[in-house]
Chemist: 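The structure under discussion is supplied below as C-alpha cells; questions concerning it will follow.
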Amino acid sequence: MTIHPAELIQRKRDGGELGDDEVSELVLGFARGDVPDYQMSAFCMAVMFRGLTSAETLAMTEAFVGSGETIDMAAQLGRRVVDKHSTGGVGDKTSIAVGPIVAACGVPLGKMSGRGLGHTGGTLDKLESIPGFRVELALDEFIAQVRDVGMAIIGQTADLVPADKKLYALRDVTATVDSVALIAASIMSKKIAAGAEAIVLDVKVGDGAFMKSLEDARVLAEAMLELGTRAGRDVVCLLTDMDQPLGNAVGNALELREAIATLRGEGPPDFTELVLTACSRLLALSDLGIDEAEGRRRAEDALADGSATAAYERWIRAQGGDPSEDALPRAPIVVEVEAPGAGYVTRLGAIQVGLAALHLGAGRRTKEDTIDHSVGIVCRRKRGDDVRAGEVLAEVHARDEASAAEAAREVLAAYELGEEQPKTRSILLDERSSVSAA
Ligand code: URA
C-alpha cells in the first residue's frame with residue numbers, strides 16, 4: 001500500500017482534498033483488510049464534518065464499483081432492466097411492493113439491497129422474515145432470475161461492491177451514515193454495478209430520514225443524479241415525506257404483511273400512493289415505450305387483477321421462500337397504545353417510532369446483532385387523523401412484556417395531539433430527473 005491512511009484522515013479532517021488515487025487506494029485497501037476499521041471509521045467521521053468534493057465522491061463511487069464485479073444487464077437480457085432504491089426511512093417497504101408490480105407489467109427489475117442502518121430498516125432484513133428466502137444469490141443466478149422470473153432482489157454478494165458492503169456495516173455503528181457524499185457513493189455504486197439502465201431513487205426527507213430538510217435532500221438528489229449521468233444511466237429522484245413512518249407497519253415481518261396487502265390493493269393510502277408513483281416512473285423509463293400516466297394505469301391494473309400478487313409469489317418462491325402470509329413470524333405479545341385524550345394527530349415522529357422498533361429488536365445496535373423479525377409497531381393512527389380518548393393509536397408487537405411496555409412508552413411519546421387538524425402533506429414533495437432523450 002502506497003498511501004498512509006493517517007495522513008489522508010488528517011488532511012480530510014483539516015478540510016483538504018484527496019486525489020482520485022488516494023481515495024481509491026483507501027477504499028480498496030479497506031476492502032482488502034489492509035486499512036483497519038478504526039482508521040476507516042475516523043476517515044468517515046472526517047467526511048461527516050468536511051464532506052467530499054464531487055471529484056472525491058466520484059472516485060469513491062468508482063472504487064466501490066471497482067472493488068468487485070459488474071453486470072451488464074442490457075447485454076445479458078437484451079432488455080432495459082430497471083432498479084429502484086431508497087435512501088432509507090422508517091416503515092419503508094416500497095421495493096417489496098414495487099418489484100412485483102413492475103414485473104407483472106412485463107418490465108424486468110434487478111436490485112441489490114442493503115441491511116438496516118441505524119433506526120431505518122433494510123429491505124434484506126425484511127425479506128429474511130420469510131422462511132427459506134435466500135438473499136445471497138450468485139451473480140449468474142441473479143441474472144437468470146431477472147430474465148426468467150422478471151425480478152430479483154439480492155444482498156451485496158462478495159462479488160458486487162464488497163467495499164460498500166463492508167463500509168456500510170461500519171458506518172451503521174459509528175454514527176457516520178448521514179453524509180450526502182457517503183450515501184450518494186454507497187447507493188450509486190450498487191446501482192451502477194448491478195447494471196440497470198433506468199433507476200428511480202426515493203430520497204427520503206424529514207425527521208425519520210438521513211436528510212432532514214428538503215434542501216439537503218435536493219443536494220443528495222443532485223449528487224446521485226450526477227453520478228448516474230456520468231455512468232450513462234437514466235435517473236429519477238422522488239423526494240418523499242419521511243416526517244412520519246411510511247404506511248402503518250414498522251418492523252420486518254409486519255412490513256412484509258403490509259407490502260403483501262398493498263399488492264392486493266389493500267395498503268395504507270400514503271404507501272400505496274408512493275408505490276404507484278415509483279411504478280409509474282419505472283414503467284415510463286422502461287423499454288415499454290409508455291408515459292407515466294399509462295404506467296400508473298398499468299400498475300393500478302396489476303393490483304386489481306391479481307397479477308402483482310402472482311408476481312410476488314413467483315419471485316419469493318424463486319428465491320427459496322414461502323410466500324404465504326401465515327409463514328411469517330408473529331410476536332407473542334401485542335400491546336395497544338391508547339390515546340390519552342381527544343384531538344388530531346399533529347405529529348407522529350418517525351425517528352421515535354423507528355428507535356422504538358430498534359429497541360424491540362427489529363434492528364441492530366452493533367453489526368454483530370441478530371434481528372427479531374417478528375417485532376415492531378403498527379401505527380393505527382397517522383398525522384391528520386381525528387382520535388377519541390382511549391382509542392388505539394398504535395400496536396406494539398414484542399417478544400416479552402418488559403420490552404413491550406418500554407416501546408409503548410416510546411411510541412406514545414412519538415404522538416402529538418392537538419385541536420387543529422394539520423395541513424395535509426403529499427407523500428411526493430419534489431422530483432428531479434436526468435433522463436436522456438433517447
Ligand atoms: N442506503 C444505502 O444503500 N447506502 C447508504 O449509505 C444509505 C442508504
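Numbering of ligands and ligand atoms starts at 1, following listing order. These figures come from a predicted structure and were not determined experimentally.
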Chemist: Evaluate His85 for polar contact with ligand 1, using N/O atom pairs at a separation under 3.5 Å.
Modeler: yes

Chemist: Taking side chain to side chain contact (heavy atoms under 4.5 Å, CB included) as the definition, give me every residue that meets it alongside Leu18, ordered by chain and number, with sequence neighbours left out.
Modeler: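 Here the qualifying residues are Leu8, Arg11, Lys12, Glu22, Val23, Phe43, Glu56.
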
Chemist: Which is closest to atom 8 (C) of ligand 1 in terms of heavy atoms, Thr87, Leu182, Leu220?
Modeler: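 Of the listed residues, Thr87 has the closest heavy atom.
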
Chemist: So, are Arg218 and Glu222 salt-bridged, with charged N and O less than 4.0 Å apart?
Modeler: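 Looking at Glu222 together with Arg218, the answer is no, because their closest N to O distance does not fall below 4.0 Å.
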
Chemist: Please identify which atoms of ligand 1 are closer than 4.0 Å to at least one heavy atom of Ser186.
Modeler: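 Here the atoms of ligand 1 in question are 2 (C), 3 (O), 4 (N), 5 (C), 6 (O).
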
Chemist: Just let me know how Val177 lines up against ligand 1, side chain, backbone, both or neither, with a heavy-atom cut-off below 4.0 Å.
Modeler: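 Under 4.0 Å from ligand 1, Val177 contributes no heavy atoms.
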
Chemist: Who passes ring-ring contact (aromatic ring centres under 6.0 Å, His included) against Tyr312, sequence neighbours left out?
Modeler: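 Partners of Tyr312 under the ring-ring contact (aromatic ring centres under 6.0 Å, His included) test: Trp315.
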
Chemist: Going by the order shown, which atoms of ligand 1 are within less than 4.0 Å of some heavy atom of Ile187?
Modeler: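 Once the distances to Ile187 are compared, the set is 1 (N), 2 (C), 3 (O), 4 (N).
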
Chemist: Could you tell me if Thr61 and Ser189 have a donor-acceptor pair between their side chains, going purely by distance under 3.5 Å?
Modeler: no

Chemist: In ligand 1, which numbered atoms sit nearer than 4.0 Å to a non-hydrogen atom of Ile183?
Modeler: 6 (O), 7 (C)

Chemist: Check each atom of ligand 1 against the heavy atoms of Lys190 and keep those under 4.0 Å away; list them by number with element.
Modeler: 2 (C), 3 (O), 4 (N)

Chemist: Should the pair Lys166 and Phe30 be classed as cation-pi, given the thresholds of under 6.0 Å to the six-membered ring centre and 45° from the axis?
Modeler: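 Satisfied, under 6.0 Å and within 45°.
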
Chemist: Please list, in number order, the atoms of ligand 1 under 4.0 Å from a heavy atom of Arg171.
Modeler: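 Under 4.0 Å from Arg171, ligand 1 has these atoms: 5 (C), 6 (O).
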
Chemist: Quick check with a 6.0 Å cut-off and a 45 degree axis cone: is Lys93 positioned over the face of Phe271's six-membered ring?
Modeler: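 Positive - Lys93 is close enough to the ring of Phe271 and near enough to its axis.
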
